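Report on the following structure.
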There are 2 protein chains.
Amino acid sequence: MIRAAPHVSILPAGRYTRVIDLHAPITDMTTQKRRRPGETREILMEAALTLVGRGRHFASLGIREVTRQAEVVPTSFYRHFRNMDDLGLTLVDELGVVLRGMMREARANVLHADKLMDESVAIFVNHVQSNRNFFTFMAQGLAGESQAIQQGIRNEMQFFASELANDLRNLRLLPHLSDEDLDMACELVVRTVAFSLTDILSISAGDEEELGRIRRQTTRFLRMIFIGADHWQSG
Amino acid sequence: MIRAAPHVSILPAGRYTRVIDLHAPITDMTTQKRRRPGETREILMEAALTLVGRGRHFASLGIREVTRQAEVVPTSFYRHFRNMDDLGLTLVDELGVVLRGMMREARANVLHADKLMDESVAIFVNHVQSNRNFFTFMAQGLAGESQAIQQGIRNEMQFFASELANDLRNLRLLPHLSDEDLDMACELVVRTVAFSLTDILSISAGDEEELGRIRRQTTRFLRMIFIGADHWQSG
DNA sequence: GGGCTTTGTGTACAGTCGTTCACAAGTTGT
DNA sequence: ACAACTTGTGAACGACTGTACACAAAGCCC
């Protein structure tokens with residue numbers, strides 16, 4: 001187990017204020033305590049994601065560690081979550097929001113069937129880069145410790161696949177495929193992209209060259225799958 | 001973080017003997033201490049795998065926890081491994097052995113091209129079932145905490161893919177594919193199978209019905225990829 | 001037999017963990 | 001305005017953590 005070095009607090013033990021709001025009305029700073037409702041909750045989730053993005057595995061995070069990163073007292077955690085699993089499930093929910101946003105963007109931008117794959121892969125890669133921590137959490141969760149989180153992420157992926165199948169149906173691509181076969185093909189697509197996710201996450205954040213390689217490889221994977229689907233005959 | 005219930009030791013603190021060897025020469029049991037060289041090392045690795053198989057994530061395992069499962073005193077750990085990462089890397093090495101065994105069996109049994117996929121998938125599923133803990137460790141490691149373990153597993157997969165490409169070349173399947181394209185297709189195959197691995201691990205051990213569904217789905221995935229590869233034209 | 005090396009053991013220490021509790025401060029409802 | 005509720009705080013607990021050290025027992029080499 002990799003443990004962080006013993007924590008040496010520079011700040012005095014006590015109340016922390018996360019940001020200094022310059023626009024706040026002038027009040028007695030020493031008595032200011034309350035945040036926007038739900039803000040601490042978000043801060044805790046953000047803190048967990050930050051630690052995950054820093055290389056830690058979600059399964060190895062502890063309550064104290066998260067609250068420390070969030071600059072909140074450990075007891076505060078229980079005001080918002082029952083345990084780390086609970087926090088993880090909430091993260092899965094937000095992951096769903098991120099994925100839906102990605103889907104929306106893909107639907108809006110991918111207009112020409114001939115560039116469908118290049119553009120979709122590009123959108124995916126961009127979303128992964130701008131939500132790196134979220135996607136790291138997703139990749140970890142697929143083989144994670146909590147059955148519930150695992151199932152949640154799996155559900156998100158299946159939903160994504162079925163939406164993709166709907167879109168392809170509407171676009172009249174692969175028209176000779178039965179609904180079932182189209183679902184299958186889309187499931188394969190989503191899995192392939194999800195695996196590329198781990199490729200992206202394994203390279204350092206700014207390595208454009210390697211990123212291009214992954215982008216090309218993923219596109220070729222998808223192309224091969226689509227060719228297979230195009231020549232597929234059910235039975 | 002999910003913690004086990006506080007450990008209550010039933011045995012008195014002290015030396016433990018893993019198995020009572022009835023065929024051992026009669027000796028003073030109180031002075032028997034030495035094991036077969038390297039045995040404790042194996043016991044520790046086995047203990048880690050057992051915990052992983054029991055649902056824990058490798059990243060969340062601690063030295064004390066592993067030694068407790070191994071029925072060995074915590075300090076013994078350091079006689080064999082520098083830390084948990086070190087143990088993990090050794091597990092990756094053994095994982096390679098398991099994978100090579102699987103490859104050997106596939107090569108020996110898959111003689112007819114027409115049944116290639118069904119038989120290969122069956123062999124894979126069998127190996128996963130008889131080495132469940134190892135494969136769970138593999139699935140976890142793909143998005144794990146340790147970069148080194150992650151890279152190790154990735155390397156094993158790439159080696160597997162390149163061996164598969166060699167076999168397909170020798171079998172004169174997909175003869176029109178360039179070496180590069182064949183490698184690509186095999187990489188996609190290995191990834192697809194690896195993802196099915198997480199499916200298998202997510203169902204309960206004896207669920208034959210669900211297992212059959214996964215087997216069928218994986219076979220269909222592979223068939224689609226091969227059809228795609230068959231109609232692939234490089235460029 | 002005597003020394004050297006390897007392996008397992010017991011003790012110990014300082015630090016971290018999850019969780020409980022009583023209390024303070026702010027928010028909301030009336 | 002006052003009560004009820006929600007949220008943040010600090011101290012405290014017992015258990016567990018990784019790791020260091022000195023020592024004992026067994027195998028190995030000469």
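Lettering follows sequence order; numbering is per chain, from 1. Nothing here was measured: the structure is a model prediction, and the numbers come from that model. These values consider heavy atoms only, across backbone and side chains, with no hydrogens, waters or symmetry-generated copies.
- In this structure, B/Met84 atom CE and D/dT19 atom C1' are separated by 15 Å, rounded to whole Å.
- Rounded to whole Å, the distance from NE2 on A/His80 to P on D/dT7 is 7 Å.
- Atom CG of A/Leu61 and atom P of C/dT16 are 16 Å apart (whole Å).
- Atom CZ in B/Phe77 sits about 13 Å away from atom P in D/dT17, given to the nearest Å.
- Nearest nucleotide to the side chain of B/Val72, out of C/dT19, C/dT9, D/dT9: C/dT9.
- In this structure, B/Glu42 places its CD atom 15 Å from C1' of C/dT7, rounding to the nearest Å.
- Positionally, the nearest nucleotide of DNA chain D for A/Arg79 lies more toward the 5' end than for the other of A/Arg79 and B/Arg64.
- Minimum atom distance to the side chain of A/Arg68 is reached by C/dC17, of the listed D/dG8, C/dG8, C/dC17.
- For B/Ser76, a side-chain nitrogen or oxygen approaches OP1 or OP2 of C/dT9 to under 4.0 Å.
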Are A/Glu156 and A/Arg100 close enough, and set up right, to give a salt bridge (charged side-chain N to carboxylate O under 4.0 Å, His left out), and what steps lead you there? CA-CA 9 Å; A/Glu156 293 293 341; A/Arg100 269 155 253 252; 2.9 Å; yes
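- Using the six-membered ring where Trp is involved, A/His57 and B/His57 have ring planes that are tilted, between 30° and 60° apart.
- For A/Thr75, whose side chain is taken as the heavy atoms from C-beta onward, the closest listed nucleotide among C/dC17, D/dG10, D/dC21 is D/dG10.
- Taking atom CG of residue A/Leu44 and atom P of nucleotide D/dG8, one finds them 8 Å apart after rounding to whole Å.
- One interatomic measurement links the two molecules: CZ of A/Arg82 to P of C/dT19, which rounds to 11 Å at whole-angstrom precision.
- In this structure, CG of A/Asn83 is placed 11 Å from P of C/dT20, rounded to the nearest angstrom.
- Between B/Ser60 and A/Ser60, the side chains place no donor N or O within less than 3.5 Å of an acceptor N or O (distance only, hydrogens not considered).
- A salt bridge is absent between A/Glu65 and A/Arg68; no separation between the charged side-chain nitrogens and carboxylate oxygens falls under 4.0 Å.
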Between A/Phe221 and B/Arg191, is a side-chain contact (heavy atoms from CB on, under 4.5 Å) present by the stated rule, with each step listed? CA-CA 11 Å; A/Phe221 283 161; B/Arg191 283 162 178 246; 3.8 Å; yes
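- A/Tyr78 comes within contact range of at least one nucleobase, with a heavy-atom separation under 4.0 Å.
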